[in-house]
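Okay, so here's the structure we're looking at.
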Amino acid sequence: MKDDSRPLVEVRGLRKAFASRGAFWGSAGPPVHAVAGVDLDIRPGETLGLVGESGSGKSTLGRMIIRLIEPDAGTIRFDGHDLLQQSSSELRRLRREFQIIFQDPYGSLNPRMRVGTTIGEPLTVHRLVSSRQERGEKVAELLEQVGLDPSVASRFPHEFSGGQRQRIGIARAIACSPRFIVADEPVSALDPPVQAQIINLMMDLQERLGLAYLFIAHDLRLVEHICDRVAVMYLGQIVEEGPAREVYDDPKHPYTRALLASTPTLDPGSEPAPALAGEPPSPTEPPPGCPFHPRCPVAEEECSRDAPRLIPVQGRHKVACRLVEPRHG
Ligand code: SF4
């Protein structure tokens with residue numbers, strides 16, 4: 001992956017608010033501002049980690065990018081194509097190129113479908129195979145690519161462990177040779193040793209197939225060694241984004257600092273700091289000014305009035321905090 005390559009995915013001003021339920025039966029409540037104006041670029045073959053607490057809008061953002069959720073505003077370009085302006089046949093053709101791996105390997109597979117049918121379905125939908133035999137051969141190849149024996153194609157999902165099911169989900173995701181995959185907390189439901197195996201498999205596939213990932217996680221440390229860049233999300237907005245090493249070694253935003261400080265490291269002598277104080281404010285009533293100000297340990301009076309913009313502070317490292325000054329030179 002080259003830093004100066006043209007982005008494969010370009011997101012600008014993406015917004016989404018969901019209707020919430022009101023206090024009375026059948027009444028509408030205030031809108032939930034899940035994603036509140038996000039810009040992102042993802043380059044071919046790179047991994048962008050998208051991290052933040054649950055409810056920060058990460059999954060909604062990931063699903064909007066691949067058009068599983070319709071945005072209210074903004075633009076999404078994939079390889080130069082405006083995804084919100086495509087005809088349905090053009091969008092169907094483009095859909096082959098971006099896929100998703102879901103968090104829950106138990107719920108994301110059809111329990112009544114044999115594994116071979118689940119993996120081969122997208123090949124049929126996109127007319128990439130012309131016979132049952134060809135489909136069977138392709139499915140066998142995909143199973144081998146994800147470390148499963150081709151003989152398991154005739155089995156059902158309940159016959160597999162969580163890690164094996166996630167391998168099946170990955171085989172389905174790569175069936176149509178995509179270029180971009182949204183991995184929505186793909187290992188959060190797995191035990192640590194299995195997490196490592198699945199992450200290794202994903203990295204290996206990335207190298208072999210040239211995939212770009214948007215890797216969504218709530219645990220910053222989980223994505224530390226696999227991401228080229230990291231974007232930190234809080235209350236529907238990106239508050240810090242940059243090359244992974246810079247963000248981990250020199251986090252600038254108070255929220256990123258707090259998240260990192262409260263996450264255990266592999267160093268046996270280190271004690272994690274207490275978890276972040278307080279709960280994130282409700283996305284139905286985002287606070288005025290900086291969205292982090294009610295929890296920020298260094299907030300000043302102006303923070304509750306002026307919303308900071310995400311601006312470059314050093315090279316490609318961007319931060320949305322009025323106390324972080326751009327460094328020149
Ligand atoms: Fe904290 Fe103010 Fe910076 Fe927001 S703008 S992160 S409240 S210091």
Side-chain angles (χ1 to χ4, degrees), residues 11-17 30-41 48-61 73-74 216-224 227 229-265 272-329:
V11 167
R12 296 290 177 270
L14 215 55
R15 289 183 175 274
K16 181 72 187 178
V32 177
H33 299 278
V35 176
V38 164
D39 297 348
L40 271 185
D41 287 344
L48 174 66
L50 182 62
V51 295
E53 293 165 291
S54 66
S56 57
K58 312 179 297 288
S59 286
T60 303
L61 175 59
I216 299 173
H218 59 269
D219 180 349
L220 260 162
R221 292 288 174 199
L222 189 75
V223 294
E224 180 171 4
C227 294
R229 288 187 303 122
V230 177
V232 181
M233 204 162 173
Y234 186 79
L235 221 60
Q237 298 178 29
I238 305 290
V239 296
E240 181 157 8
E241 184 206 317
R245 211 50 283 150
E246 277 181 40
V247 174
Y248 282 95
D249 290 349
D250 187 16
K252 307 269 189 207
H253 196 283
Y255 177 60
T256 315
R257 286 177 191 226
L259 269 187
L260 276 170
S262 62
T263 315
T265 66
L276 255 172
E279 294 291 316
S282 165
T284 56
E285 285 175 83
C290 172
F292 191 53
H293 87 258
R295 299 168 86 192
C296 181
V298 291
E300 298 178 341
E301 209 191 320
E302 292 88 336
C303 298
S304 60
R305 287 200 302 264
D306 304 327
R309 288 187 311 113
L310 188 68
I311 54 165
V313 291
Q314 197 178 354
R316 295 174 64 206
H317 193 162
K318 300 177 191 168
V319 182
C321 171
R322 51 184 301 280
L323 297 191
V324 181
E325 298 283 336
R327 209 187 288 168
H328 300 289

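These figures come from a predicted structure and were not determined experimentally. Read the numbers this way: they start at 1 and go in the same order the structure lists the ligands and their atoms.
Between the E240 side chain and the K252 main chain, a donor and an acceptor come within less than 3.5 Å of each other. Side-chain N or O atoms of R322 include none that pairs as donor or acceptor with a backbone N or O of P308 at under 3.5 Å.
Between F292 and Y234, the ring planes are perpendicular. Angles over 60° get that label, and only those under 30° would be called parallel.
In this structure, OG in S59 is found 9.5 Å from CE in M233, a value given to the nearest 0.5 Å.
K318 NZ: 12 or fewer foreign heavy atoms inside a 6.0 Å radius.
Neighbours of atom 4 (Fe) of ligand 1 restricted to protein N, O or S atoms under 2.8 Å: the count is 1.
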Report task. Begin with the C-alpha distance, continue with both residues' side-chain angles, and end with the deciding distance and a verdict on side chain to side chain donor-acceptor pair (under 3.5 Å) for H293 and E300. Result -> CA-CA 8 Å; H293 87 258; E300 298 178 341; over 6 Å; no

